[in-house]
Every structure is written in structure tokens, then in C-alpha cells.
Amino acid sequence: MILVLGGTAEARELAYRVPVLTSLAGRIREPDLPVGDVRVGGFGGVSGLVAWLQEHRPRAVVDATHPFAAQMSAHAVEACSAVGVPLLRLQRPGWVEGPGDRWRRVPSLEAAAEAVGDRTVLLTTGRQAVQPFLGLSRVVLRAIERPDGIPDSWVCVLGRPPWSLEDELSQIAEHGIEALVTKDSGGPAAPKLEAARELGLEVIVVDRPPVLADVVVTTVEAAREWTLRFEDPG
Ligand code: NAP
């Protein structure tokens, strides 16, 4: 069995192309489930993951979690090394600023909150990343589910991506957005970045945490090829 640490479109696509067991954190109530076998919930830290790997003996692990799921990725590096299971990191390339973009790259969510200043901001960093922004009052938060404990002044736009360019333009206009905050999630060209370019809006881009794994690929196809080495010979 090959274990895929999931929660991304890439993980779902890999599961569609190779027989794997996908692991999901279980944060979203109605997740878009991948095909094939699925397990849900944390492993219980590095020691829990080590125990899980020893019990289930996967031939290899593909860490296809989101670029900002830094804790899970760090645990995977440590646990796979301890148990001697080959590990691949599948991570899509980050976004690159193009002509007409007005981006400010920042190293952290805290730095992003500081960079917003006194402006009305569209926050697209996800409901689990709201903490550093709680001191801001003019926030339009886009999330799949409304987080607890956000200020009353915040507007929540609920929904699941992808958002179309029309959605982005109309949300920016409707709420008088003056800046946009995004993680450098990467992947296909994002309509929110296109909308910001069209309107001359500043985009505050939070840089990714560093990759810790030794073997890294950026495409599902490269990950699929890597897994072929670990196919069951029988
Ligand atoms: P994280 O901070 O790196 O991980 C926190 C803990 O959640 C981990 O220590 C682990 O718990 C559990 N966990 C995370 N991913 C898991 C997985 N695939 N299978 C089993 N347990 C998992 O992760 P996160 O940023 O909260 O992200 C959670 C999930 O959402 C990830 O699978 C990620 O791919 C997906 N996601 C994240 C983002 C984002 O911006 N961070 C965006 C889109 C999707 P234990 O220590 O108990 O094992």
C-alpha cells in the first residue's frame, strides 16, 4: 500500500491514477473525498505516525498536503526516516508575479496582517489562519466554514473554491476591498490574482514554509512515476 497524505487537488488526482490509501486531517465536515481507500483524522504527532507506519507498513509515503501544512510535512519527514519508509514530497510550484501585478511578499501571516494596515482587506488564507488578523476590523473573510470567535465587524463570504473571475470582481466591488491577502498556494492561475491585476489592487502574498523532504516533485505525473518503483511485484 502507498500512503498519500492528502487534502489537496493533487492528492485527489494521484489517488485517481494510482491505487493508494489517502489520509485526510478531517477538518472539513463534508470533504471532497478522493477515490480509493481513505482514512480520516490525525495520527497523534510523530510518535503516532511512527506507530501507524509500523502497523500498516506502507511501501512508500507521498506527502501531497498543502504547501502550508508545515506540521504534517515535518512529521512525515521525521516518522518516515525513523521507520525507513521512502518519502516523496509532491508540491505544486508557487505563483510568480507577472506584468501588471502589484504584489508584496511577506514571510508570515503576522507580517501580512501588519502589511494590511488600515485598509479593507479580502482575506483568502483560510479559516484556520485568522488568528494573526483578529486585530483588524475591516476584514472580508472567505472560508468554507465560518470560524468561531471572529470580530462582529468581519464579513464572512462562505463557499468552496474555485471562485470565478466574475465572483472575484463582484466581491471586491461589493465590499470595497482595498487589498487582498493570499498564501502562495500555487497551482493553476488564480482568478483572485487576475482580478487584483485588473483592478490594480495590492496583493499581499505570504511565502511558503521551507520544504524539508529530500525528494520533491511538482507534478502528479512525476509522483505517479515515483510510486511505480514501489508496486507490489506479486
Ligand atoms: P498542519 O498544520 O500541517 O497539521 C496539523 C495536524 O493535522 C498534523 O500534525 C496532523 O495531526 C493533522 N493532519 C494534517 N494533515 C493530515 C493528513 N493529511 N492526514 C492526517 N492528519 C493530518 O496541517 P493544516 O495546515 O492544518 O492542514 C490540514 C489539512 O488540510 C492538510 O491535509 C492539508 O493538505 C489541507 N489543506 C491545508 C491548507 C492550508 O492552507 N494549510 C489549505 C488547503 C488544504 P497529528 O499530529 O495528530 O498527526
Side-chain angles (χ1 to χ4, degrees), residues 1-15 20-34 36-56 58 60-80 82-83 85 87-92 94-95 106-110 112-113 123-133 141-145 147-148 158-163 180-188 190 192 204-213 216 218 220 223:
M1 173 259 289
I2 291 183
L3 172 67
V4 173
L5 302 171
T8 57
E10 287 75 16
R12 275 194 300 280
E13 197 186 327
L14 185 61
V20 296
L21 167 65
T22 301
S23 174
L24 299 175
R27 300 275 160 68
I28 298 172
R29 265 193 287 277
E30 287 172 28
D32 194 357
L33 285 178
D37 295 330
V38 175
R39 70 164 294 285
V40 180
F43 296 95
V46 175
S47 60
L49 182 54
V50 164
W52 193 95
L53 294 172
Q54 283 168 336
E55 184 186 345
H56 297 273
V61 175
V62 177
D63 172 13
T65 56
H66 190 271
F68 282 79
Q71 184 168 306
M72 187 69 251
S73 292
H75 290 181
V77 168
E78 214 177 308
C80 288
V83 179
V85 181
L87 170 69
L88 178 76
R89 174 66 169 138
L90 164 59
Q91 179 168 280
R92 58 200 179 203
W95 287 317
V106 293
S108 64
L109 293 166
E110 289 73 16
L123 196 54
T124 68
T125 44
R127 76 189 169 104
Q128 283 165 51
V130 297
Q131 178 67 33
F133 299 93
L141 172 71
R142 216 154 59 183
I144 294 172
E145 291 166 22
D148 295 328
L158 297 183
R160 206 183 275 264
W163 300 92
L180 185 147
V181 175
T182 179
K183 293 172 177 169
D184 182 6
S185 297
K192 62 184 169 188
I204 298 162
V205 181
V206 183
D207 283 334
R208 297 166 163 205
V211 173
L212 303 176
V216 184
T218 56
V220 172

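In what follows, every heavy atom counts, from backbone to side chain, and hydrogens, waters and symmetry copies are set aside. Indexing begins at 1, ligand by ligand and atom by atom, following the structure's order. Sequential numbering from 1 along the given sequence is applied to the chain's residues.
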For the side chain of Arg89 and the backbone of Leu212, is there at least one donor-acceptor N/O pair under 3.5 Å apart? no
Quick test: of every protein heavy atom, which one is nearest to atom 9 (O) of ligand 1, and how far off is it to 0.1 Å? Gln71 NE2, 2.9 Å
Given 3.5 Å as the limit, does a donor-acceptor pair link the side chain of Thr124 with the main chain of Val181, or not? yes
Report the C-alpha distance between Glu110 and Gln131 in whole Å, list the side-chain angles of each, state the deciding distance to 0.1 Å, and finish with yes or no for side-chain contact (heavy atoms from CB on, under 4.5 Å). CA-CA 9 Å; Glu110 289 73 16; Gln131 178 67 33; over 6 Å; no
Please identify which of these residues, Val62, Val61, Leu3, meets the side chain to side chain contact (heavy atoms under 4.5 Å, CB included) condition with Leu87. Val61
Give the atom numbers and elements of ligand 1 that come within less than 4.0 Å of a heavy atom of His75. 9 (O), 46 (O)
Counting heavy atoms only, which of Gln128, Glu10, Arg127, His66 comes nearest to atom 39 (C) of ligand 1? His66
Is Arg39 reaching over with its side chain to a backbone N or O of Thr22, donor-acceptor style, under 3.5 angstrom? no
Min N/O separation Leu5 to ligand 1 under 3.5 Å: no
Hey, does Gly6 sit under 4.0 Å from ligand 1 if you only count heavy atoms? yes
Protein heavy-atom partner closest to atom 47 (O) of ligand 1 - residue, atom, separation in Å: Gly44 N, 2.8 Å
Report yes or no: does Arg142 contribute a side-chain atom to a donor-acceptor pair with the main-chain N or O of Gly159 at less than 3.5 Å? no
Could you tell me the residue and atom name of the protein heavy atom closest to atom 25 (O) of ligand 1, and the distance to it rounded to 0.1 Å? Ala69 CA, 3.5 Å
May I ask you to decide if Leu5's main-chain N or O and Thr65's side chain share a donor-acceptor pair within less than 3.5 Å? no
Does the pair Leu49 and Met72 meet the rule for a side-chain contact (heavy atoms from CB on, under 4.5 Å), with working shown? CA-CA 10 Å; Leu49 182 54; Met72 187 69 251; 3.9 Å; yes
Less than 4.0 Å between atom 30 (O) of ligand 1 and some protein heavy atom, yes or no? no
Which residue and non-hydrogen atom of the protein lie closest to atom 48 (O) of ligand 1, and at what distance in Å? Phe43 N, 2.7 Å
Is there a heavy atom of Leu49 sitting under 4.0 angstrom from any atom of ligand 1? no
Report, in ascending order of atom number, the atoms of ligand 1 lying under 4.0 Å from any heavy atom of Ala70. 3 (O)
Decide side-chain contact (heavy atoms from CB on, under 4.5 Å) for Ser23 and Trp52; before the verdict, give the C-alpha distance in whole Å, the side-chain angles of both, and the deciding distance to 0.1 Å. CA-CA 12 Å; Ser23 174; Trp52 193 95; over 6 Å; no
As an exercise, identify every atom of ligand 1 less than 4.0 angstrom from a heavy atom of Ser23. 17 (C), 18 (N), 19 (N), 20 (C)
Should one rank Met72, Arg39, Arg27, Lys183 by closest heavy-atom distance to atom 5 (C) of ligand 1, which comes out on top? Arg27
Just which atoms of ligand 1 are under 4.0 Å from any heavy atom in Thr65? 18 (N), 32 (O), 34 (O)
Where's the contact between Ala129 and ligand 1, heavy-atom distance under 4.0 Å: side chain, backbone, both or neither? neither
With respect to atom 11 (O) of ligand 1, which of Gly41, Gly42, Pro161 exhibits the smallest heavy-atom separation? Gly42
Does Ala11 come within less than 4.0 Å of ligand 1, judged by its heavy atoms? no
Would you mind running through ligand 1 and noting each atom that sits below 4.0 Å from a heavy atom of Gly7? 34 (O), 35 (C), 36 (N), 44 (C)
Judged by atom type as modelled, is there a donor-acceptor pair below 3.5 Å linking the side chain of Asp184 to the main-chain atoms of Trp95? yes
Minimum heavy-atom distance between Ala11 and Gly7, given as atom pair plus value: CB-N, 4.2 Å
Any donor and acceptor pair, going by atom type alone, linking the side chain of His66 with main-chain N or O of Phe68 inside 3.5 Å? yes
Could you check whether any heavy atom of Gly45 sits closer than 4.0 Å to an atom of ligand 1, since that is the contact criterion I want to use? yes
